[in-house]
Amino acid sequence: MRKLKIVIGNHAVEVQLYDTPTADAILAAAPFEARATIWPGEVYFQAPVHVEREEAARDVVESGELAFRIEGEVIIMGYGPTPCSEGDEIRFASQANIWGRTDADLVGLLADVEAGQLVRVESVE
């Protein structure tokens with residue numbers, strides 16, 4: 001199975017890639033670095049990837065799913081309710097392509113990430 005590793009500060013998350021054009025594009029772009037941006041319930045960062053919105057794009061995700069928002073070309077790691085959420089759901093501001101999944105506890109890993117922290121995305125052999 002194809003995998004990526006996302007490192008933010010002292011935290012590392014291994015991501016299993018889905019079979020999607022977005023996952024293919026992110027894997028092809030790796031390795032790359034960006035700076036973290038924070039929004040309540042999510043961490044996101046720029047990615048050197050240009051893809052179209054996929055048919056299965058959505059704005060509500062399950063814990064552990066990773067997304068790519070074509071507006072702004074950012075990878076989104078949602079870990080809890082956002083200002084757009086209804087109840088405890090993880091809802092993004094707009095639809096995003098779902099490209100991978102992690103079994104890591106994103107709440108525990110991402111809740112203390114600070115804006116501007118270096119993010120590194122690399123392939124896992």
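Since the structure is predicted, the reported quantities are computational estimates derived from the model, not experimental observations.
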Same hydrophobic cluster for [X] and [Y], using side-chain heavy-atom links shorter than 4.5 Å among ILVMFWY?
| X | Y | answer |
| --- | --- | --- |
| Val13 | Ile76 | no |
| Phe68 | Tyr79 | yes |
| Ile8 | Ile90 | no |
| Val61 | Leu110 | no |

Is a side-chain donor or acceptor of [X] paired with a backbone partner of [Y] at a separation under 3.5 angstrom?
| X | Y | value |
| --- | --- | --- |
| Arg101 | Ser63 | yes |
| Glu54 | Thr22 | yes |
| Thr102 | Val15 | no |
| Arg91 | Ser85 | no |
| Glu42 | Trp39 | no |
| Arg2 | Tyr18 | yes |
| Gln46 | Gly72 | yes |

For [X] and [Y], which heavy atoms make the closest approach, and how far apart are they?
| X | Y | value |
| --- | --- | --- |
| Phe45 | Ile6 | CZ-CG2, 4.2 Å |
| Ile38 | Ala115 | CG1-N, 3.4 Å |
| Arg120 | Pro31 | NH2-CB, 3.4 Å |
| Ser94 | Glu71 | OG-OE1, 3.5 Å |
| Ala30 | Val121 | CB-O, 4.0 Å |
| Ser123 | Leu27 | CB-CD1, 3.9 Å |

Can you measure from [atom1] ([X]) to [atom2] ([Y]) and round to the nearest 0.5 angstrom?
| X | Y | atom1 | atom2 | value |
| --- | --- | --- | --- | --- |
| Ile98 | Phe92 | CD1 | CZ | 6.0 Å |
| Ile26 | Leu66 | CD1 | CG | 8.0 Å |
| Leu4 | Gln16 | CG | CD | 11.0 Å |
| Trp99 | Asp19 | CH2 | CG | 14.0 Å |
| Arg58 | Glu65 | CZ | CD | 4.0 Å |
| Glu122 | Lys5 | CD | NZ | 4.5 Å |

Is there a side-chain contact between [X] and [Y] (heavy atoms, below 4.5 Å)?
| X | Y | answer |
| --- | --- | --- |
| Met77 | Val113 | no |
| Asn97 | Arg53 | yes |
| Thr37 | Val43 | no |

Notebook entry, point to check: Take atom CD in Glu52; do more than 12 heavy atoms of anything else shown fall under 6.0 Å from it?
Noted result: no
Notebook entry, point to check: Quick one: does NZ or CZ of Arg69 land under 6.0 Å from the six-membered ring centre of Tyr44, within 45 degrees of the ring axis?
Noted result: yes
Next item on the list: Go through the steps to decide whether Asp112 and His11 satisfy the test side-chain contact (heavy atoms from CB on, under 4.5 Å), and finish with yes or no.
Entry: CA-CA 10 Å; Asp112 66 347; His11 305 298; 3.2 Å; yes
